[in-house]
Amino acid sequence: MGAVNLSTELLRAFITVIEVASFTRAAEILGRTQPAISLQVKRLEEAVGYPLIERKGKDISLTERGEALAIHARQILRLNDLAMAQFEQPSPSSKLRVGLPVDYAVNTLQSCLTDVVRKFTETQIEIRCDLSRHLLTAMRSNEIDIAVALFDGDDQQFLFRNWKEQPTWVGATNFEIPEGSDIPLVAHPYGCVYRDRMAAALKLAGKSWRIAYSSPGIGGVQRAVQDGLGLSCLTAPTVQSGMRKFSEKDGLPVLSPLHIGLFARQAQLGAGGYAAMDAMARTLELQSSDAQVE
């Protein structure tokens, strides 16, 4: 049996439907009719021999095979669009909206985007720093085009690449865990993935805790830890001097791994957008010393 060549036109229809969660909206973006988009997805399903999208009323979800194909489809479209970008005239008013998490390698991610800004002078880059959950909500409402965010591991709508990283307990070098009283925690405000990890782990271990310091910025959290105000949960890119790691040997529970995702609305990216994605992916791999690419 000969190899089946997947049509980029069919793959683009498939990915666009996933990103906007609507056949009708995908048709508007791609300049086609809704029946035409439905037919393209059906043709793709016939080519691979499996159903890819499930429809329940107006709700759309990916099948297991659809999730697997989406990963490769995004890579194929990325290469196609980068190749074609070499022959296109740059848009004088293109805009790229990037979302970065306040609690994961934000400084280095901002720095890596500087080179993109210098190279793609026609692209106006807007950067928004926020909690991961807010960034993913902004992705779904089309407020940003690219985001790095911590997530639960089951969000496939805009996922381009993802990594796993093991968070660790950290405290000041001279910090001692109090006995007979609540463990003081340093955390971001409610809704932060790190805060949720700490609370869930301590609850399962039957240990009491309290929030001793809360800040929306990573700098404030790092300084509070270094000052000895309490324990926190951090990953390799945000651990600094003046901190030491704590573990089960210190009576603390193991923290669940984190999923770090690079999300993008590929239906509306240009060469500058892909360059930003590549720069952030390289940075995440360098920063995550213990990360495992999935």
Spatial distance of atom [atom1] ([X]) from atom [atom2] ([Y]) [nearest 0.5 Å]:
| X | Y | atom1 | atom2 | answer |
| --- | --- | --- | --- | --- |
| Leu11 | Asn80 | CG | CG | 9.5 Å |
| Ile211 | Leu229 | CD1 | CG | 12.5 Å |
| Phe160 | Leu269 | CZ | CG | 9.0 Å |

Lys/Arg-Asp/Glu bridge criterion (N-O < 4.0 Å) met for Arg78, Asp278: yes

Lys/Arg N to Asp/Glu carboxylate O, Arg118 vs Asp115, below 4.0 Å: yes

Report yes or no: is the cationic atom of [X] (NZ for Lys, CZ for Arg) under 6.0 Å from the centre of the six-membered ring of [Y], at an angle within 45° of the ring normal?
| X | Y | result |
| --- | --- | --- |
| Arg25 | Phe23 | no |
| Arg223 | Tyr213 | no |
| Arg65 | Tyr50 | yes |

Cluster check Trp163, Leu100: I/L/V/M/F/W/Y, side chain < 4.5 angstrom: yes

ILVMFWY network linking Val239 to Val193, side-chain heavy atoms under 4.5 angstrom: yes

From Leu69, Thr8, Ile15, Asp81, residue fulfilling side-chain contact (heavy atoms from CB on, under 4.5 Å) relative to Ile76: Thr8

Scan the side chains in residues 33-45 for donor-acceptor partners under 3.5 Å anywhere in the protein, sequence neighbours excluded, and list what turns up.
residue, atom, partner, partner atom, Å
Thr33, OG1, Ala36, N, 3.2
Gln34, NE2, Ser38, OG, 2.8
Ser38, OG, Gln34, O, 3.2
Gln40, NE2, Glu9, OE2, 3.1
Glu45, OE2, Leu52, N, 2.8
Glu45, OE2, Ile53, N, 3.3

Tyr190 and Ser214: side chain donor to acceptor below 3.5 Å: no

Side chain to side chain contact (heavy atoms under 4.5 Å, CB included) between Asp145 and Met139, worked out: CA-CA 7 Å; Asp145 306 305; Met139 284 289 298; over 6 Å; no

Verdict with supporting geometry, Leu62 and Phe14, side chain to side chain contact (heavy atoms under 4.5 Å, CB included): CA-CA 10 Å; Leu62 288 174; Phe14 171 56; 3.8 Å; yes

Glu64 CD: over 12 foreign heavy atoms closer than 6.0 Å: no

